[in-house]
Amino acid sequence: MIEKFEKLDEEKRQNILRAALNIFAVKGYKDASTNKIVKEAGISKGTLFYYFKNKEGLYHYLIDYSLEVIKKEYIHHIDYTTLDIIKRMENNSKIKYQYVQKYPEVNYFLSTVLYSELEHLPTRYQEKFQDLI
């Protein structure tokens, strides 16, 4: 199912991702409504569940997607060879700013998961977040 979602037209896929990321970030997993997600994404509920088995499957997909985005767009751009701490912080700030500007929903979602949902996730996600930190 996930493969079908990833083969979607990029604009439609991004609309679904943005809607789901925003709803989960604002409401948290428990209170997030798939009805609100599909309404914001402009798709039917059947379409959402065609791509994702259930709400939990979508949520876990969003975590994996977001962790990959932050690694690709932020972590992998950090220059660990810079020894000057001030210059390193300045460079990291620039990289983070660019990442947050490009993916605000991902950043907001990951912050919400990290600070209020992490203890409720399976161990594999807790480990992934710990590795990221």
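Bear in mind that the values here come from a model prediction, so they are computed numbers and not experimental data.
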Quiz item: Run the side-chain contact (heavy atoms from CB on, under 4.5 Å) check on Ile37 and Leu58 step by step: do they pass?
Solution: CA-CA 11 Å; Ile37 292 169; Leu58 171 59; 4.0 Å; yes
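- Annotation for Lys128: atom NZ counts as buried by contact number, over 12 foreign heavy atoms lying within 6.0 Å.
- Ile85 is not connected to Tyr80 by any chain of hydrophobic side-chain contacts under 4.5 Å among Ile, Leu, Val, Met, Phe, Trp and Tyr, and they are in different clusters.
- For the pair Thr47 and Ser44, the tightest heavy-atom approach, listed with the atom from each and the gap, is OG1-OG, 2.8 Å.
- Here the straight-line distance linking atom CD1 of Ile23 with atom NZ of Lys39 works out to 10.0 Å at 0.5 Å rounding.
- There is a path of hydrophobic side-chain contacts, each under 4.5 Å, that joins Tyr115 to Val113.
- For the pair Lys55 (side chain) and Tyr29 (backbone), a donor-acceptor distance under 3.5 Å is present.
- Taken from CE in Met89 to CG in Asp84, the straight-line distance is 10.5 Å, to the nearest 0.5 Å.
- When only modelled atom types and interatomic distance are considered, Asp64 and Tyr125 share a side-chain donor-acceptor pair under 3.5 Å.
- To the nearest 0.5 Å, atoms CG (Asn107) and CD (Gln101) are separated by 10.5 Å.
- Between the side chains of Tyr61 and Glu6, at least one donor N or O lies within less than 3.5 Å of an accepting N or O.
- At a threshold of 4.5 Å between non-hydrogen side-chain atoms, the residues Ile16 and Phe5 count as touching.
- Other residues, nucleotides and ligands place no more than 12 heavy atoms under 6.0 Å from the NZ atom of Lys27.
- Distance CG/Leu114 to CD1/Ile63: 11.0 Å, rounded to 0.5 Å.
- Evaluation of the side-chain hydrogen bond (donor to acceptor under 3.5 Å, both in side chains) rule for Asp79 yields Thr81, Thr82 as partners, not counting sequence neighbours.
- With contacts defined as side-chain heavy-atom distances shorter than 4.5 Å, the pair Phe52/His60 does not qualify.
- By the side chain to side chain contact (heavy atoms under 4.5 Å, CB included) test, Tyr108 pairs with Ala25, Val26, Thr112, sequence neighbours left out.
- Considering CG of Asn92 and NZ of Lys87, their distance stands at 12.0 Å, rounded to 0.5 Å.
- Ring planes of Phe109 and Tyr59: perpendicular class, angle over 60° (limits at 30 and 60°).
- Checking Gln130 against Gln126 by side-chain atom types alone, no donor-acceptor pair falls below 3.5 Å.
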Quiz item: Could you walk me through whether Val106 and Tyr65 pass the side-chain contact (heavy atoms from CB on, under 4.5 Å) check?
Solution: CA-CA 9 Å; Val106 168; Tyr65 167 79; 3.9 Å; yes
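- Between Phe129 and Leu110 the shortest heavy-atom distance is CZ-CD2, 3.7 Å.
- Sorted by first then second residue, the salt bridge (Lys or Arg N to Asp or Glu O under 4.0 Å) pairs that include residues 91-107, not counting sequence neighbours, are Glu73-Lys102, Glu90-Lys94.
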Quiz item: What's the verdict on side-chain contact (heavy atoms from CB on, under 4.5 Å) for Tyr51 and Leu8, showing C-alpha distance, side-chain angles and the deciding distance?
Solution: CA-CA 10 Å; Tyr51 298 121; Leu8 267 177; 3.1 Å; yes
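- Here CG of Leu62 is found 5.0 Å from CG of Leu21. Values are rounded to the nearest 0.5 Å.
- Remark: Glu10 engages Arg13 in a salt bridge, criterion side-chain N to carboxylate O under 4.0 Å.
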